2 protein chains.
Amino acid sequence: MSTLGRRAATTAATRRGIIDAARELLATHDWQHFTIEAVANRAGVTRVTVYNQVRSKRGLLDAVLADLVDRAGMDQLLTDTQHLSAGEACAAIVQRTCLFWHSERELLRALFGLAAVDHDVASILEQREEWRGKQMQSLVRRLAAESAPSFDEADVLAGVTAVTSFVTYDALGPIADDPDRAAVLVTHLVRSLTD
Amino acid sequence: MSTLGRRAATTAATRRGIIDAARELLATHDWQHFTIEAVANRAGVTRVTVYNQVRSKRGLLDAVLADLVDRAGMDQLLTDTQHLSAGEACAAIVQRTCLFWHSERELLRALFGLAAVDHDVASILEQREEWRGKQMQSLVRRLAAESAPSFDEADVLAGVTAVTSFVTYDALGPIADDPDRAAVLVTHLVRSLTD
DNA sequence: CTGTCGCTTTACTGCCTGTATAGTGAGTCG
DNA sequence: CGACTCACTATACAGGCAGTAAAGCGACAG
């Protein structure tokens, strides 16, 4: 089943087109203009085709997020940084995170904004944020082992998670246009909590 | 014109009712269920009455935000802290800010979420955020005068603004349930940027 | 060659926004 | 006291979007 057959290939292509169209539209336009019809037009298909691929508008957002996670490739970040010192691992993780926030900033802004207002979108994002939370927890533990932090572990974890969150990154404004510069700032904030 | 006359009083009361209903509904329900009809029902009036008071859904959000700003009473925070030392002023401003974020957390979450997705709401919030930015700028200047920070002033300002923003506060999760505890954490972060 | 299946076209229901219009009743003013 | 004002109601309407249903077409698969 390595090759897909012409039929499955074309349907996969239309699905790609739909998701890409949705991603672009979501990143560049208001929620008001993010209609199924607009997505269909941009993808060059009919509204009904969109409904065939993703059952609903919610399903479309779900597909967009799943695609985004696939592209991210953050899964192996934790094992990649295992051999580094705690401080180096911290810098690496923060930088990699900032790069990801930056790479899809407009799209993520829309998704996190919607999550604040739509329970369905929130529950979609919750899984990923939970995963990120665990990653941060293991990072905090490594850093805490090297020095005695000035706060509870719970406070440190909450602070680190918040400071490394997308919404905080996006709130950096013009600084966030340069992810490396932002990463230095965020790393400094994280270290100020764990040292 | 100190007394309002029965007529004007009742219309003001219905307006209050509408805005209160909108605030509660926005804080407790999804955007999907935040319809003009739902607001009208909760306020005990007709849809048409809502449209008479606030021209549109956007106007309703505008009114809710204006009301929120009135309640906040943050205007004189800057002059109130003028006589304090820079460090004390920082702690006071951060604490007061956190208390405000906490007092209307659900409502603010909805408004900031919408702002990420709706250009109209964004432009409504922009004014207030601009005002807050200036407040933070003057705070940063005071703190910078006392010690040489490790970053550009632009970086420090961006970092402080981000760290004291609502979205970051909200991202603190369970810690944000206790605004004083959160304030200590945020103050620490601010000081780590300015010292 | 025949059947499958994804895509299209068309049409429909239901919900929400926003507007228009006429009526009602309580407060206002001469 | 009587006439006027004006906020609110009831109702109906147009427009837009989500989601569903049904029938036809055409390329691919066996």
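Being a predicted model, the structure only gives us computed values, none of them experimental. Chain identifiers are assigned alphabetically (A, B, ...) following the order of the sequence lines, protein sequences preceding nucleic acid strands; residue numbering begins at 1 within each chain.
- Here dT20(D) presents its C1' atom at 13 Å from CD1 of Ile36(A), a figure rounded to the nearest Å.
- As rounded to whole Å, 10 Å separates atom P of dT8(C) from atom CD of Gln53(A).
- Classification of the Phe166(A)-Trp101(A) ring pair by plane angle, with boundaries at 30° and 60°, yields perpendicular.
- Contact annotation for Thr10(A): no contact, since no heavy-atom pair falls under 4.0 Å across all strands.
- Among the atoms of the strands shown, base atoms are found under 4.0 Å from some heavy atom of Thr49(A).
- Note: CZ (Arg16(B)) to P (dA7(D)) measures 18 Å, nearest angstrom.
- Distance Asn41(A) CG to dC17(D) P: 11 Å, rounded to the nearest Å.
- Positionally, the nearest nucleotide of DNA chain C for Asn52(A) lies more toward the 5' end than for the other of Asn52(A) and Ala8(B).
- The NE2-P distance, from His33(A) to dC17(D), rounds to 9 Å in whole Å.
- Comparing atom distances between the Thr11(B) side chain and each of dT17(C), dC7(C), dC8(D) picks out dC8(D) as nearest.
- Backbone-only contact: Gly44(B) has heavy atoms under 4.0 Å from sugar-phosphate atoms and none from a base.
- Here the P atom of nucleotide dC13(D) and the CZ atom of Arg47(B) are 14 Å apart, to the nearest Å.
- Side-chain atoms of Thr28(A) come within 3.5 Å of backbone N or O of Glu24(A) as a donor-acceptor pair.
- Gln32(A) comes within contact range of no nucleotide atom at all, as no heavy-atom separation falls under 4.0 Å.
- Rounded to whole angstrom, the span from the OH atom of Tyr51(B) across to the C1' atom of dA10(D) amounts to 16 Å.
- Listed nucleotides dA10(D), dA29(D), dT20(D) differ in distance to Val48(B); the shortest reach to its side chain belongs to dA10(D).
- Closest-nucleotide positions on DNA chain D for Val45(B) and Arg7(B) were compared, and the one nearer the 5' end corresponds to Arg7(B).
- Residue contacts shown for Thr46(A) include a base, since a base heavy atom lies under 4.0 Å away.
- For a distance-only test at 3.5 Å, the side chain of Arg55(B) fails to qualify as a donor-acceptor partner of the base of dG18(C).
- Looking only at distances, a side-chain donor or acceptor of His102(B) sits under 3.5 Å from a matching main-chain atom of Ala176(B).
- Distance CD1 (Ile18(A)) to P (dC7(C)): 7 Å, rounded to an integer number of Å.
- Using a cutoff of 4.0 Å between basic side-chain nitrogens and carboxylate oxygens, Arg58(A) and Asp62(A) are not scored as salt-bridged.
- The closest donor-acceptor contact from the side chain of Asp30(A) to the backbone of Gln32(A) lies at 3.5 Å or more, if one exists at all.
- Checked against dG18(C), dT19(C), dC7(C), the side chain of Lys57(B) finds its nearest nucleotide in dG18(C).
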